[in-house]
Amino acid sequence: MTSPGRGVAVVTGAAGGLGRAIAAALHADGWSVLLTDLDPAAVAVAAVPLGGWSAALDVRDEGACAEIAAEAASRGGLDLWVNNAGILVTGPAWEHDGPTRRRVFDVNALGAMNGTLAALAVMRGQGHGHVLNVVSLAGLIAAPGETVYAASKHALLAFSLGTLSDLRMAGHRRVHVSCLCPDGIWTPMLHDRLDDPGALASFTGSMLTPERVAARAARLARRPRPVVSLPRWRGAQVRLLDTLPRLAIGLTPLIQAVGRAGQRRQLRRVTPTDRL
């Protein structure tokens, strides 16, 4: 059973993984959801049980984001935009070439900025709306082995909070920007990282299911907050370490050991089909 209609929502990167789970959770909560993804065929399939509304979207394309915002608004207003699309690269920063670094920032940071600004162009005009940016715990602390990824997420967090302050200074009290910062999530982004030493940081805490994160995203959609970490204790932990950089760096060998143990633990839990 769905709740009474909450309005129109857009979710990026919704063909699978966390994006698809968020779209499903929003649909169950009464939202009319436009699922978007770089892969039009895959996102069309994902949209079938959720009302069948989907569109191809490359978040790196500013004009395309504006077109999606306009399409969503044509159904009575754009109430929620979820920037979920993202990519992960691991390993020391010096191992990534310029095009790789640029691609990570183009999707994770600039792509989310494109979506945010496209949504705000509509929301500021209509006087209400909510942008929900899926960041990461890596946006709260420098994650060893995921340096370029973490840098892109730090940029997104700063942009989101700064934009929220700009909205308030401009007098927009009913337009919100929220950041969801989850721990590692068992999605295709991590399915092939169980032997990757660069991904150790993603396995140091509680491995979350997409459904758990999606449920928290749906609640956050109803009640905006600037920053929400999941689980909450992990957010407090990494924020403390972020204030003590010498300690955080000194703990790198321990983080490596804990992360490797987490990878082995997750490997025992999954079956080969879970990694497809």
Side-chain angles (χ1 to χ4, degrees), residues 1-37 43-55 57 59 65-86 112 114-135 156 160-161 163-164 167-168 172-182 185 208-230 232:
M1 178 180 295
T2 61
S3 303
R6 296 189 181 278
V8 174
V10 172
V11 181
T12 70
L18 178 59
R20 186 170 185 170
I22 290 175
L26 292 174
H27 174 75
D29 204 27
W31 296 85
S32 175
V33 187
L34 170 53
L35 287 76
T36 70
D37 197 273
V43 78
V45 171
V48 169
L50 307 179
W53 192 17
S54 69
L57 176 63
V59 297
C65 289
E67 290 175 4
I68 291 295
E71 178 181 346
S74 70
R75 294 205 178 188
L78 174 58
D79 300 280
L80 176 67
W81 181 293
V82 181
N83 283 306
N84 165 76
N114 288 339
T116 298
L117 295 174
L120 291 182
V122 174
M123 294 172 180
R124 288 167 54 238
Q126 67 190 15
H128 65 89
H130 185 189
V131 175
L132 196 167
N133 288 328
V134 179
V135 185
L156 177 56
S160 301
L161 295 179
T163 298
L164 179 57
L167 287 167
R168 296 297 178 263
H172 297 288
R173 303 296 174 187
R174 297 178 59 221
V175 181
H176 307 281
V177 180
S178 297
C179 296
L180 180 61
C181 300
I185 311 168
L208 304 172
T209 65
E211 292 74 21
R212 180 179 175 186
V213 180
R216 186 65 187 91
R219 295 199 304 275
L220 184 57
R222 296 194 299 268
R223 297 185 60 185
R225 292 176 56 187
V227 180
V228 170
S229 57
L230 185 70
R232 185 181 299 177

- Separation of Leu26 CG from Leu35 CG (nearest 0.5 Å): 9.0 Å
- Message: With heavy-atom distances below 4.5 Å as the criterion, would you say the side chains of Val131 and Ser178 are in contact?
- Response: no
- Message: Check this for me, if you would: do Arg6 and Asp79 make a salt bridge, where the nitrogen-to-carboxylate-oxygen distance has to be below 4.0 angstrom?
- Response: no
- Note on the structure: Minimal heavy-atom distance between Ala118 and Ala69, with the atoms involved, is O-CB, 3.6 Å
- Check Ser54 against Ala44 and note the closest heavy-atom contact, atom names and distance. OG-CA, 3.4 Å
- Message: Show the nearest heavy-atom pair for residues Ala217 and Leu132, with the distance to one decimal.
- Response: O-CD1, 3.5 Å
- Message: By the definition side chain to side chain contact (heavy atoms under 4.5 Å, CB included), identify the one residue from Val11, Leu50, Ile22 that meets it with Val33.
- Response: Val11
- Query: Are Leu208 and Leu230 close enough that some pair of their side-chain heavy atoms sits under 4.5 Å apart?
  - Reply: yes
- Message: Please check this pair: side chain of Arg168 against backbone of His172, looking for a donor-acceptor N/O pair closer than 3.5 Å.
- Response: yes
- Which heavy-atom pair separates Leu80 from Ala221 by the least distance, and what is that distance? CD2-CB, 3.7 Å
- So, Asn133 versus Ser160: side-chain donor-acceptor pair below 3.5 Å or not? yes
- Message: Test side-chain contact (heavy atoms from CB on, under 4.5 Å) on Leu180 and Val135; report intermediate values, then the result.
- Response: CA-CA 6 Å; Leu180 180 61; Val135 185; over 6 Å; no
- Note on the structure: Of all heavy-atom pairs linking Ala72 and Leu78, the shortest is CB-CD1, 3.8 Å
- Can a donor-acceptor pair be found between the side chains of Asn83 and Thr116 at a distance below 3.5 Å? yes
- Note on the structure: Nearest heavy-atom contact between Ala14 and Asp37 is N-OD2, 3.3 Å
- Item | Cys65 side chain reached by Leu57 side chain, heavy atoms, under 4.5 Å | yes
- Mark yes or no: Arg75 above the aromatic ring of Trp53, with NZ or CZ under 6.0 Å from the six-membered ring centre and no more than 45 degrees from the axis. yes
- Could you walk me through whether His130 and Val177 pass the side-chain contact (heavy atoms from CB on, under 4.5 Å) test, one step at a time? CA-CA 6 Å; His130 185 189; Val177 180; 5.9 Å; no
- Query: Side chains of His128 and Arg173: is there a donor and an acceptor less than 3.5 Å apart?
  - Reply: no
- So, the side chain of Thr12 versus the backbone of Asn84: is there a donor-acceptor pair under 3.5 Å, distance only? yes
- Message: Test side-chain contact (heavy atoms from CB on, under 4.5 Å) on Val82 and Val134; report intermediate values, then the result.
- Response: CA-CA 7 Å; Val82 181; Val134 179; 4.1 Å; yes
- Given the rule in the side-chain contact (heavy atoms from CB on, under 4.5 Å) test, do Thr163 and Leu120 qualify, once you have shown the distances and angles that lead to the verdict? CA-CA 10 Å; Thr163 298; Leu120 291 182; 3.5 Å; yes
